[in-house]
Every structure is written in C-alpha cells, then in structure tokens.
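Both ligands and their constituent atoms are indexed starting at 1 by order of listing.
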Amino acid sequence: MHSRKLLPLLIVFVFTFSVPAQVYHQHGMVVSDNQVASDVGAKILKKGGNAVDASIATAFALAVVHPQAGNIGGGGFLVYMDGDGSSTTFDFREKAPLAATVDMFMDENGEYIPMINHNGLLAVGVPGTVAGLWKAHQQQGSMPWVELLQPAVELAENGFPLSFALAQHAERFFNSDEDEFMQNFFTNAEGRPLKMGEIWKQPALAETLKRIRDNGHDGFYKGETARLLAKHMAENGGIITEEDLAKYESIEREPIRGTYKDYDIISMPPPSSGGASLIQMMNMMEQVNWDEIEFNSTEYVHIVAESMRRAYADRAEHMGDPDFNPEMPIDRLISKEHAQNRFTNINWDKASVSDSSKFGQLYDGKNTTHFSVMDKDGNAVSLTYTLEWSYGARTGSPELGFILNNEMGDFNPVPGETNSRGRIGSDPNLIAPEKRMLSSMTPTIVAKDGKPYLVIGTPGGRTIINTTFQTVLNVLEFDMPINKAIEAMKIHHQWLPDRILYEGDLLSPDTRKALEAMGHTLEPRYRLGRMMGIVWDRELGIFIGAADSSSPDGGVSGY
Ligand code: DON
C-alpha cells in the first residue's frame, strides 16, 4: 500500500525536477509530446521525407497516441520555413458553424449560461486539422499522402501499449460521469479500463483514418465521415452540418514577422494572437539594458510581467479573425515605436494596475500540443494544434472514434462584457458564422542570418504566448541551451486577472516579497508551458532538441 502511494509521487518527482539532457542528431529531428509520434516522424525523415511530410505523419500519429490534444477533431497552425529562408503558414483553426449566432451562449435575459461554451456539442467548432495537413502536403509535401497516414492507421488498428499517463486518464474517465463515449474510450473488449502497458486499439478511429488516407481532404469533409459526423450532431443537439464540413478550407497565410536584435522572428498571424503578441513583447525587451538586469531578478520579473500586461491588453482589445476584422491594427502593434511607447510607460518601482473597464482575458485552457521538426536541408516546421481543453468537448461519435474539440469557448461569449476575472467582450472576437475564434497558439521559428535557428512552441492556453516569449528570450538574450531555456523559471501575466503566475519552486521567496512590495500579486503554479524545441547549429552541423520535462510521454527522435 505504502509503495503504491509513493510510486506516482516518485514519477512526478523524476519528471519534474530533472532538466532532461539535450538530444543531438545530424540529419533531422522531431520533438513532440509523445515519443511514439516523434519516432513516426523521424522514420519519415529517414525515408527521405521532408519536414512537412514528417509533420503530417507525426500529427496523425499524435491523434492516435496522444488523444488528449493530438487530433483530427480540432484545429491549429503550422509555421513553415525552408532551409533557404522562405516561409509560410497554414491556418487550420476551427470555424463557427453556419448556424452559430453571437448570443448562442446566453439565455433569453442576455445572461451567459455557465460553461455552455465549453461543454457538449454546441462547444464544437468545425474541425480544421485534416484540411490543414492536406493543404500543407499539397504545397510542400514530397512523399505520398498514403505513406504519411499509414503509421497512424496501424497504431489505431493494431494498438500500442498504454503509457502511465494515459492509463491514469483511462481510470479517471471510466469512473467519471462523462458521456458513454468517454467512459468507454480507454476500455478493453470486456469493457474495463486498460492498465499501463496493455495494448489499446481504436478500431473506429482506424476506419476514419483509412478514409482520410485513401481520399485525402474529402475523406474527412465529404462522404462517410462527414455524413456520420453530421448525423451524430443532429441526433445529439449539435449544429455542425455536412454543409459546414464541405465548406471548410485551410488558409495559407503570410507569416507575421518581427526582429529581435539580429534575429528574425517568424510566427503565426491572426486568427492567432500569438505571433503579434510575441513580437510586441520581444520589441519591448529590445528596450532593456540587459547588462543591468539579471535573469530571475526582481527587476527581470517586473519588467517582463509589465510587458506582458501591456501586450495582453492590446490583444484583448484588437484581435480576432482577420477575415472578419479587416481593420485590425496589427502592423502598428508589432512596430518598434508602439513597443517603445508601451515600454516607456512602465514604472520601474511599481506595478501598474489593469483596468477592467477597458479590457481583459478569460480562463486558461487545459491541453494542446506542440511539435517541432527539422529535416536534413534545414526545412523547419513549428506546429501547434488543439482540442482546446484536455480531450476537448470530451465527447465524439462512437462510429468515428475521434474526440471533438470545444474550441467555441475561445470566442468572446458575451458582447460588451469585459470583467476583472478576465472575460473579454470586445467586438473582434465575437461569434459569427464561419468565423475563426481567436487563439493564443504561438508556433514560432527564429531565424539567424536568414535561416531557421530555433523552432519552438507549447500548449498552455493563454499562457502560451508568454512561455514561448520567455523561452525565445532565454535562448537569444541569455544564451541558454535549449533544455535550460525550456526548464528555466517562467511567469505569466495576462492583464486581467491582474496577477503574476509563477513557477512555484523556481522563484525565490525573497524575490516574491520584493515584487509584492512593488504592488504585484503573485500566485504559484506548478509548471507553465510544455515546450518542444529544436536549435539548428549550422556551424557544427547538428540539430539540438529538448522536450519539456513536464511532458510525461514526450520525446525527441531523429537520426
Ligand atoms: O487556441 C487557443 O489559444 C486555445 N484553444 C489553446 C488551448 C490550450 O493551449 C490548452 N492547453 N494547455
């Protein structure tokens, strides 16, 4: 009994307090939240596939082995830069269904109905993942689509040994009051929850993946899959129709670009707020005299938090789907002048106060997943995709076998209502049919001398932009190796609620006291971010990778 109780603690300890070693490869590398999926991607690289091919195979594999966030029922963003420096992005963010309305999450008195935008089928956005991977393949892929899907099909059909982390989820879902789909999600043929090491097969998902393998984009958005999904929606109170699915297209967009000193930052433009906010904060960091400020000092936390506060206020006020907000002032927000104005208004001795009568934020999400890939030619992919919460809407069609997102919760649910707890009500991100909800996902590539240097990203809901920002700063400004940059102390401030989250054991009590004396409110968090990063050292001719120690199943693979 005693040792049973200790085991999880021991495992958490090992995963949490060791800074994992960096991994080195010469020809190509995949770093993801799941070692099996990283191996799938690395095999594709070894077969001669490029970074986009490996990403597609990794993404589909994650949809099988990392179902809490890897997905075909969600959406995300892919940032691509080739070894010679040209770049592009693929936006496969979910869209509001055609039947969605601005007030669909409010009752007849105009009151928000708690959690309705996060639970059940109304919370589901039209999935984008398959369309995005298909489009990226059409533009940049080199290997046959079928070969990239086959590993995922086999993992779903033949099964794989359940990890410790997934076995814990199996136990929890089985003993929960979730819907039948989730209660049975991780069960064996006799209907009991699978244990660690037992083989988990997903026959319905395997059939869905085969249709995608054989018919590409249309294998998901038309035919049997679309019909079954629309039927499931209609029978269970959802509003996504076959028309919604048939209309969904991924969009190739110009990346958002900024600079930090001699480096170029290439990231995701709206409908993600990630790239613009990251660049805005890096611009503010350029104003700092780093000879006078040490990493993790009181001054460091203060100016980083104040920069975050300002960037998140702008984010809340201005950002949404660009196709519905043609006037968004993104160029101004990412200009050096704007950063300078914002930065000079920081009081060096005192915390500012976030004013909820102006703007704010909502809750943090629970799970998403990021992976980074580089191939032998230095082509790089930074891809983050999500179901929004861990296991998304925690429901799906038993005939299709995949979990549906609850991404509709990323829209501003109540027009005009912005409060100090962090709900935002600004116009750019209100619900409208076919609109993409604003995201914080920040898949990023930093280039040095015009070529990919650092590939990075993370889950973490609203914290994503900030943990990416600090990891980039750690590498570029503090010269940390990638594993240290990922593990180093992180904070998060999102304007509203007006408080700094910090990694509990990594910020000294004295620093906390000093920050409180300046007027900051501090709240510990166990860990912020789950970064997956690669640095390309061109002089040595190697890829150096690290997966965040907070990822129980994560891992680097390459050759
Ligand atoms: O797009 C977004 O910003 C959120 N739906 C991401 C959610 C998330 O990262 C949850 N992860 N921990």
Evaluate the ring planes of F402 and F220, with Trp represented by its six-membered ring, and classify them as parallel (under 30°), tilted (30 to 60°) or perpendicular (over 60°). tilted

Just checking F185 against W200, ring centres under 6.0 Å apart? yes

Looking at [X], which atoms of ligand 1 are within less than 4.0 Å of one of its heavy atoms?
X    : value
D410 : 1 (O), 2 (C), 3 (O), 4 (C), 5 (N)
E407 : 1 (O), 4 (C), 5 (N)
I464 : 9 (O)
T368 : 6 (C), 7 (C), 8 (C), 9 (O), 10 (C), 11 (N), 12 (N)
M441 : 1 (O), 3 (O)

Out of T369, N405, N367, N406, indicate the one that has the non-hydrogen atom closest to atom 10 (C) of ligand 1. N367

side-chain hydrogen bond (donor to acceptor under 3.5 Å, both in side chains) with R342: which residues, sequence neighbours excluded? D314

T368-H370 side chain donor-acceptor pair, cut-off 3.5 Å: no

What I want to know is whether L438 and ligand 1 share at least one N or O pair that is separated by under 3.5 angstrom. no

Do G460 and ligand 1 have an N or O pair less than 3.5 Å apart? yes

Only residue of T444, I445, V535, I265 satisfying side chain to side chain contact (heavy atoms under 4.5 Å, CB included) with L454 is V535

State which residue, out of S273, S426, P329, fulfils the side chain to side chain contact (heavy atoms under 4.5 Å, CB included) condition with H318. P329

Is the contact between R462 and ligand 1 made by the side chain, the backbone, both, or neither, using heavy atoms and a 4.0 Å cut-off? neither

Do any heavy atoms of R93 fall under 4.0 Å from ligand 1? yes

For the side chain of N117 and the backbone of M408, is there at least one donor-acceptor N/O pair under 3.5 Å apart? no

